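Note that the structure is predicted; figures quoted are calculated from it, not measured. In each ligand, atom 1 is the first atom listed, and ligand 1 is the first ligand listed.
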Amino acid sequence: MSDEKALISALRGKASAVPPMWLMRQAGRYLPEYRALRAKAKSFLDFCYTPAMAAEVTLQPVRRFHFDAAILFSDILVIPDAMGQTVSFETGSGPRLDPIETPEGISRLGAFDITKLSPVFETIDRVKSELPADVAFIGFCGAPWTVASYMIAGQGTPDQAPARLFAFRHPEAFSSLIDRLVDASVDYLVRQIDAGVEVVQIFDSWAGVLPANEFEAWSARPIARMIAALKTQRPNVPVIAFVRGADAQLPRLTKTLHADGYGLDTALDPKWAAANTAANVCLQGNLDPLALIAGGAALDREIDSILGAFAGRPHIFNLGHGILPQTPIEHVERLVERVRGARD
Ligand code: CP3
């Protein structure tokens, strides 16, 4: 047996009888210990930028559930914040940014000031020294399209139409924003890696609203460029691409993005994903967060069908999207037991 962490082995293409597991947004409001600490922070961004607090909430879900990975506690919108855009989080209604309405708004953005993110690297340093030896540490950022969609609209919308409209009206300006985000995100992930994360995940949460041509231009190609740059600069660090809503494009993405793992969202049929990707490609996912809220027989059935679909291939058990605040803790405990006990 090697002493490689289970999550890293899966990302290197090795299958195991019990898949490693973690949950997207595993540090969050469903945990009472998270809510207690969150109540002490002035704002959500202050919370992210206070290393003692951010490190503590990164570790909370690992302590409670013994997941195989910790994910850095931060947010994808720290990049616009470090470009000088005003970013805040309204309790209950999500992020608010000063929207970008014109090409001039893009040229007015500041240079990416990575020093503003030094608390994030300090958080990584603190977590690293406290993580159990077999737990992998995941860093992350948003994909250029998803981050740009918040920068243009100033908030989440049902379909991020403001950014799509902006890209049709001002393709050059939009393209320059995407380019800047590619560069900033690569620099940011490289610094996270140098501070101590061992795997990075790129979240393209809004890829699914893009029709084919736009998907290629704004989601797939920028992510491929990011991964190529990361592989040049830090070749040994596995990259997970979570292209939410990629749908039928998934098989092609597994051949063109050159990531080490691919996150599947809730909508994908695990059996179809397994049948339409090479057997050595590591797939991550994809329990419906609503099944985790429901619990009981429905939860058991969903877990078993995912385990069955990915048996014999490299797989990381996860949700198909972030865990929801109303998720009962006992259901998460049940999930961990069932996945780990699956083949005892
Ligand atoms: O996974 C983890 O536990 C690490 C932390 C993490 C957060 N956000 C903390 C957070 C990660 C990986 C993210 C990623 C993120 N942030 C994404 C991509 C993943 C996804 O869910 O699609 C996106 C689109 C964002 C932007 C964002 N941040 C939104 C839309 C919201 C509001 C919605 C919500 O869940 O409240 C946030 C706020 C946010 N980011 C919270 C947390 C724990 C909740 C804020 C709070 O506790 O007050």
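Across the listed options Asp75, Leu45, Val78, Asp75 owns the non-hydrogen atom lying nearest to atom 16 (N) of ligand 1. Atom 5 (C) of ligand 1 has its nearest heavy-atom neighbour, among Ser74, Ala27, Pro61, in Ser74.
Salt-bridge formation is detected for the pair Glu122/Arg126: a Lys NZ or Arg NE/NH1/NH2 atom is positioned less than 4.0 Å from an Asp or Glu carboxylate oxygen. For the pair Arg234 and Asp194, the salt-bridge criterion is met [side-chain N within less than 4.0 Å of a carboxylate O]. Salt bridge present: Asp260 and Lys231 bring a charged side-chain N and a carboxylate O closer than 4.0 Å. The residues Glu302 and Arg338 are annotated as not salt-bridged, no charged nitrogen and carboxylate oxygen being separated by less than 4.0 angstrom.
Remark: minimum distance from atom 15 (C) of ligand 1 to any protein heavy atom is reached at Ile76 CG2, 3.7 Å. Residue, atom and distance of the protein heavy atom nearest to atom 10 (C) of ligand 1 are Phe44 CZ, 3.3 Å. Scanning the protein for heavy atoms near atom 43 (C) of ligand 1, the closest one is Tyr34 OH, 3.3 Å. The shortest contact between atom 31 (C) of ligand 1 and any protein heavy atom is with Pro95 CD, 3.7 Å. Summary of contacts: the protein heavy atom closest to atom 22 (O) of ligand 1 is Ser205 OG, 2.5 Å. Counting protein heavy atoms only, atom 48 (O) of ligand 1 is closest to Arg38 NE, 2.9 Å. Counting protein heavy atoms only, atom 41 (C) of ligand 1 is closest to Arg25 NH2, 3.4 Å. Residue, atom and distance of the protein heavy atom nearest to atom 34 (C) of ligand 1 are Arg29 NH2, 3.0 Å.
Side-chain atoms of Gln284 and Gln201 form a donor-acceptor pair, as typed in the model, at a separation below 3.5 Å. No donor-acceptor contact under 3.5 angstrom links the side chains of Gln60 and Arg63, judged on distance only. Side chains of Trp145 and Glu214: a donor-acceptor N/O pair is absent below 3.5 angstrom, by distance only.
By the criterion of a heavy-atom distance under 4.0 Å, the backbone of Leu72, and not its side chain, is placed next to ligand 1. Within the 4.0 Å heavy-atom criterion, the part of Tyr150 lying near ligand 1 is the side chain and not the backbone. Here His321 has side-chain heavy atoms under 4.0 Å from ligand 1, and that is the only part of it that gets that close.
Close approach of ligand 1 to Gly94 is summarised as follows: ligand atoms under 4.0 Å from at least one heavy atom of the residue are 32 (C). Using a 4.0 Å cut-off to heavy atoms of Phe89, the atoms of ligand 1 that qualify are 28 (N), 37 (C), 38 (C).
Not a single heavy atom of Gly156 sits under 4.0 Å from any atom of ligand 1. Using a non-hydrogen distance threshold of 4.0 Å, Phe242 does not register as a contact of ligand 1. Under the 4.0 angstrom criterion for non-hydrogen atoms, Trp206 is not in contact with ligand 1.
Taking distance alone, with nitrogen or oxygen atoms compared against 3.5 Å, Trp22 stays at or beyond that limit from ligand 1. At under 3.5 Å, not a single nitrogen or oxygen of Thr146, backbone or side chain, sits near a nitrogen or oxygen of ligand 1.
Using cut-offs of 30° and 60° for the angle between ring planes, the Trp218 and Phe174 rings count as perpendicular.
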Quiz item: Does the pair Arg301 and Asp304 meet the rule for a salt bridge (charged side-chain N to carboxylate O under 4.0 Å, His left out), with working shown?
Solution: CA-CA 5 Å; Arg301 201 170 51 238; Asp304 293 352; over 6 Å; no

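Counting heavy atoms of neighbouring residues, nucleotides and ligands inside a 6.0 Å radius, atom CD of Gln326 exceeds 12 of them. Atom CZ of Arg252 is surrounded by more than 12 heavy atoms from other residues, nucleotides or ligands within 6.0 Å.
Of all non-hydrogen atoms in Leu77 and Tyr150, the two that sit nearest each other are CD2-CB, 3.8 Å.
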